[in-house]
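Have a look at the structure below, then the notes.
One-based numbering, in listed order, for ligands and for the atoms of each. All heavy atoms count here, side chains included; hydrogens, waters and symmetry mates do not.
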Amino acid sequence: MTVTIHDLRSWKSEGRRWAMLTAYDFPTAQILDRAGIPVLLVGDSVGRNVLGYANELPVTMEEMLHHTRAVARGVEHAMVVGDMPFMSFQASIEDGVRNAGRLVKEGGAHAVKLEGAQFDLVHRLVDIGIPVMAHIGLTPQSVYGLGGYRVQGRGEAAAKVLDQAHSLEKSGAFSIVLEAMPADLGAEIAKELQIPTIGIGAGSGTDAQVLVINDLLGLNEKVPKFAKQYVDLRQTIATAAEAFVADVEAGTFPDEEHVYS
Ligand code: KIV
């Protein structure tokens with residue numbers, strides 16, 4: 001059974017905390033699904049973490065569909081959330097409806113995520129049966145407008161973020177990502193909303209936590225302050241590659257075990 005929006009709502013009322021991770025490909029999705037991660041986000045962070053872009057802005061619908069399909073093929077239980085890339089919904093509600101529909105219909109996503117205070121679009125998508133995960137605080141698609149990747153909602157700005165959270169809940173979002181904000185604001189939003197809040201750099205008071213898989217696995221050169229690296233796969237991969245090179249150069253691979261008779 002796939003995890004549903006109702007499961008997430010029940011977990012909130014039971015006070016059960018849960019984890020979300022990004023996934024961008026089939027094997028990773030399969031591993032994370034089997035490990036029991038209930039929600040996999042095919043984030044537009046695929047741009048920086050897999051495609052080598054400087055930021056999220058160049059990511060296209062076609063790229064999101066390509067990666068969402070691969071992740072959807074790998075899961076048996078996890079809810080797959082497809083991220084709406086920059087300019088797939090900002091110009092009009094029609095664009096947003098069409099592209100969210102594509103992520104579900106062609107990509108195999110069970111829900112979509114979209115950044116910002118897009119109340120009317122959220123309402124419209126929910127109306128046509130597409131669950132929406134909202135995303136406020138630091139919204140990377142607005143990196144230029146925000147003047148960089150900066151913590152949001154400090155001081156007087158907190159009231160606006162809280163207000164947006166309430167309005168997105170009223171618009172019908174089933175959950176909301178809170179990115180890069182003071183921990184007390186993250187906790188306050190989690191306390192006030194009925195829907196699950198998913199923090200990334202928003203402290204420990206949110207209902208769920210999300211990390212970018214590359215940060216967790218140590219695949220990137222730098223790990224942001226709010227992320228925790230659990231293994232050093234860069235080093236593991238480099239060590240494996242060096243061992244292979246050494247075997248090939250020494251003529252010790254392939255050995256008896258790895259040849260056909
Ligand atoms: O694209 C992404 O990975 C995200 C998460 C950081 C929430 O939006």
Can you tell if the side chain of Asp83 reaches within under 4.5 Å of the side chain of Thr22, non-hydrogen atoms only? no
Which protein N or O atoms sit under 3.5 Å from any N or O of ligand 1? Give each pair with its distance.
{"from": "ligand 1", "atom 1": "1 (O)", "to": "Asp44", "atom 2": "N", "distance (Å)": "3.2"}
{"from": "ligand 1", "atom 1": "1 (O)", "to": "Asp44", "atom 2": "OD1", "distance (Å)": "2.9"}
{"from": "ligand 1", "atom 1": "1 (O)", "to": "Ser45", "atom 2": "N", "distance (Å)": "3.1"}
{"from": "ligand 1", "atom 1": "1 (O)", "to": "Ser45", "atom 2": "OG", "distance (Å)": "3.2"}
{"from": "ligand 1", "atom 1": "1 (O)", "to": "Asp83", "atom 2": "OD2", "distance (Å)": "3.2"}
{"from": "ligand 1", "atom 1": "3 (O)", "to": "Ser45", "atom 2": "OG", "distance (Å)": "2.5"}
{"from": "ligand 1", "atom 1": "8 (O)", "to": "Lys113", "atom 2": "NZ", "distance (Å)": "3.0"}

Would you please say whether a donor-acceptor pair under 3.5 Å links the side chains of Asp7 and Thr4? yes
Output, in order, the C-alpha distance, side-chain angles, deciding distance and verdict of salt bridge (Lys or Arg N to Asp or Glu O under 4.0 Å) for Arg102 and Glu62. CA-CA 10 Å; Arg102 289 192 73 195; Glu62 297 314 315; 3.0 Å; yes
For the residue pair Phe253 and His258, does the interplanar ring angle fall in the parallel (under 30°), tilted (30 to 60°) or perpendicular (over 60°) class? tilted
Checking side chain to side chain donor-acceptor pair (under 3.5 Å) for the pair Tyr149/Asn55: CA distance, chi angles, key distance, verdict? CA-CA 10 Å; Tyr149 295 101; Asn55 57 41; 5.0 Å; no
Same hydrophobic cluster for Val42 and Met79, using side-chain heavy-atom links shorter than 4.5 Å among ILVMFWY? no
